[in-house]
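Everything on this sheet refers to the single structure shown next.
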Amino acid sequence: MPRKLRLSEITERADQAKSIKDALHAGDPPTLHDLTESLRFTPNDGRIWFDTRRMLLFGAHSFGALRRELIETLGPAGARDLLMRVGFSAGASDAAFVRKHWPDSDDAGVLSAGERIHAVMGMVKVETIRRDHDIPNGTFDAEFLWHDSVEAAEHLKAHGLSAEPVCWMQLGYASGYASAFYGKRVIYRELECAGCGAAHCRIVGETTSERMQANDDLDWLQLDRQRLSPATAQGRTTRRQPVATSTSPRHDANKTDATNAGATGIDATGIEPHASSAQRIVGVSAAVSIALQKIERVAPTPATVLLNGESGVGKDLFANALHRSSLLAEGPFVALNCAAIPDTLIEAELFGVEKGAFTGAERSRPGRFERADGGTLFLDEIPSLSLEAQGKLLRTLQDGEIERVGGSQPIRVDVRIVAAANKDLLQEVQAGRFREDLYYRLNVFPIRLPPLRERRDDIPLLVEHFSRHYAERYRKSITGLTRKASDALLAYDYPGNVRELQNLVERGVINALDGGPIDAFHLFEDAGFSSSPGAKLRINAAGDLETAEPDDVSLSHSSETTTASHTKDAVTERERQMLERVLGNAEGNVSQAARDLGITRAKLAYRLQKLGLEPGRYRYP
């Protein structure tokens, strides 16, 4: 039997817990509690978040192996310079994060936050000796003790005692954080180092000076400096040149925004809704970066482009970006949603009409091809075109000429075609719903635009982007999202993609109280939420996501007339029937069934296990 605790032991443990709690909440904001609350794990998606930035859980031993490889490859000086620059960038990014989320904190709070983040990340325990700063007068002087430095410990394991300080990345971090906060270059130096045998590391920070320049303390800040070991230098005699990029203003703006997003964690892959002149794509996820790189490659050419992606991924925005980055940027950009035009009118919309061509044609008017002459014609939802319309479009693409409805004279047009499809066109060809010859005419340069569930790195950034926009639009002060709301948005699979997320955030801003945060019930206030028909997601009484049939909503509210146990049994049985039906339609494929339900595979697998359902029973032989 476990030993019973004495009253004194219970009291001692309670005091220890209170001391820990007090320490977490002590100091100017952001406190350690504030920072740890910004850290969340979503293991089902393979992601760790620090506020809106994706993080890595990187073992100290692995970090030591990386340092060792860098030292052996670049030499001690080259490895030092590289790690200090990496640390400088991370520190500057964290300073921007703190300034953004705690704008009312005083200078002491912002500076101390950098020390706390260092601790939260597991790098070192910081003890402040002095911190004197006077921004108006341009003075900065600080001294700290670092205890249990992971960088010094790993260096000792790999190389033994060092003759010079070795906490390179941490020095760069402290310098970058203070410099970003101060608005002027602040450099930290290590006077004592545990890697040299000292009991702790002692560092001092001050603004740059001529003395520091003369002593070569700033060499590591020269980003183009190449310090290589003799063996490496033989094979690499010149610095890598930057990749040539488009000089289009549109492209440069995208690239700048993407860089800023990666540095500060405050921008997103998204759109500026309801402001066509300000629409933009800003990507930080790998999937969006690939799509933008493809646009960059094809933009200077006249090649036809086929954008493939689900509804709501922003195909129109990518088409606009392609046009603005192309050589036809000065020409018109004309868009046509083929699904919105009846088959009887699609020819007139594409090619124009001569006066008197049919009843009601009281005057001649140009079609979309003529209006796009010298520019780009964007044909959205192209699989919805009838086979007859597809044939006429193919002829125009082959000949470069059109004829207006009711006209007899061919008209030459110089138009770049960008088509978009929310269905697999090859499957449509195989099903006989799309012309094979037109498919190969359009499929010159295909670009796949990823759904939102494949670029979850952008979800927190998109949420911030949209919430800021709608807060300004509706003149409300929104302080952010609660932890429950953030977790719900990260767990959702967004069958409606970015458009659905945009609508959710707009709803949340409208429902949230002025001056308060957005909570989960502000986003998902209806009983079920999913853009897929049939089974839906909902938030239960505990605030967790669960699957539910639409009829479960009324069933869950009938507890006033039935017993709680009867209701629970009925809901469980209906859920079982619903999941059996979805599994049958998916032929036992759990991933497909999860996509049909609009939830994650892990969540569906948990429900199946809980209900005792075996997916293999639904696979056809």
Side-chain angles (χ1 to χ4, degrees), residues 23-24 26-28 30-32 35-36 50 55 58-64 66-68 70-71 76 79-95 98 108-133 140-182 185-207 212 217-218 220-221:
L24 287 173
D28 301 315
T31 63
L32 279 173
L35 295 173
T36 54
F50 187 61
M55 310 297 290
F58 198 56
H61 177 74
S62 300
F63 174 64
L66 175 62
R67 288 182 89 260
R68 185 172 63 252
L70 289 175
I71 291 172
R80 180 200 66 187
D81 292 357
L82 176 61
L83 288 172
M84 291 184 78
R85 290 197 296 270
V86 171
F88 191 94
S89 175
S93 177
D94 283 346
V98 173
V110 174
L111 277 176
S112 61
E115 305 157 21
R116 293 165 185 158
I117 293 176
H118 232 160
V120 168
M121 297 304 177
M123 295 297 293
V124 70
K125 178 183 177 182
V126 181
E127 178 185 348
T128 303
I129 302 301
R130 70 175 187 277
R131 190 197 302 119
D132 301 322
H133 59 274
F140 183 93
D141 182 31
E143 182 177 357
F144 303 95
L145 295 183
W146 284 349
H147 302 279
D148 299 321
S149 165
V150 68
E151 198 165 5
E154 292 302 321
H155 190 95
L156 285 171
K157 291 178 185 178
H159 306 284
L161 288 174
S162 172
E164 296 181 356
V166 296
C167 296
W168 303 324
M169 183 179 287
Q170 295 167 214
L171 278 176
Y173 180 93
S175 300
Y177 189 97
S179 297
F181 155 76
Y182 191 61
R185 188 75 73 196
V186 175
I187 299 300
Y188 278 84
R189 293 177 291 118
E190 198 169 10
L191 303 183
E192 301 176 21
C193 181
C196 302
H200 47 243
C201 304
R202 181 184 299 273
I203 67 167
V204 295
E206 58 183 316
T207 56
M212 296 176 70
D217 284 338
L218 302 184
W220 59 272
L221 279 175

Does the side chain to side chain contact (heavy atoms under 4.5 Å, CB included) test come out yes or no for Lys157 and His61, once each step is laid out?
CA-CA 10 Å; Lys157 291 178 185 178; His61 177 74; 6.0 Å; no
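- For the atom pair Phe144 CZ and Arg130 CZ, the distance stands at 9.5 Å (nearest 0.5 Å).
- For Glu206 and Arg189, the salt-bridge test passes: some basic side-chain N is under 4.0 Å from an acidic carboxylate O.
- Between His155 and His159, the ring planes lie tilted relative to each other; the angle falls in the 30° to 60° range.
- Taking NE2 of His147 as the reference point, atom NE2 of His200 lies at 6.5 Å (rounded to 0.5 Å).
- Within the 4.5 Å cutoff, side-chain heavy atoms of Val126 are placed close to those of Trp146.
- Nearest heavy-atom pair, Glu192 versus Glu190, reported as atom, atom and distance to 0.1 Å: O-CG, 3.1 Å.
- From Leu82, atom CG reaches atom CE of Met169 across 8.0 Å, with rounding to the nearest 0.5 Å.
- In this view, Glu151 and Arg67 satisfy the salt bridge (Lys or Arg N to Asp or Glu O under 4.0 Å) rule, not counting sequence neighbours.
- Separation of atoms OH (Tyr177) and CD1 (Ile117) is listed at 5.0 Å; rounding is to 0.5 Å.
- Nearest heavy-atom pair across Val186 and Ser179 is N-OG, 2.8 Å.
- Within a 6.0 Å sphere centred on CD of Glu127, other residues, nucleotides and ligands contribute more than 12 heavy atoms.
- Between Gln170 and Ser149 the shortest heavy-atom distance is OE1-OG, 3.1 Å.
- For Cys193 against Val166, the heavy-atom pair with the smallest separation is SG-N, 3.5 Å.
- Nearest approach of Cys196 to Ala163, heavy atoms of both residues: SG-C, 4.2 Å.
- Between Pro76 and Trp168, the shortest heavy-atom distance links the atoms O-CH2, 4.0 Å.
- Remark: side-chain polar atoms of Ser175 are paired, donor with acceptor, to backbone N or O of Tyr188 under 3.5 angstrom.
- Inter-residue side-chain proximity for Leu191 and Ile203 is flagged as unmet; no heavy-atom pair is nearer than 4.5 Å.
- Environment of CG in Asp141: crowded, with over 12 heavy atoms of neighbouring residues, nucleotides or ligands closer than 6.0 Å.
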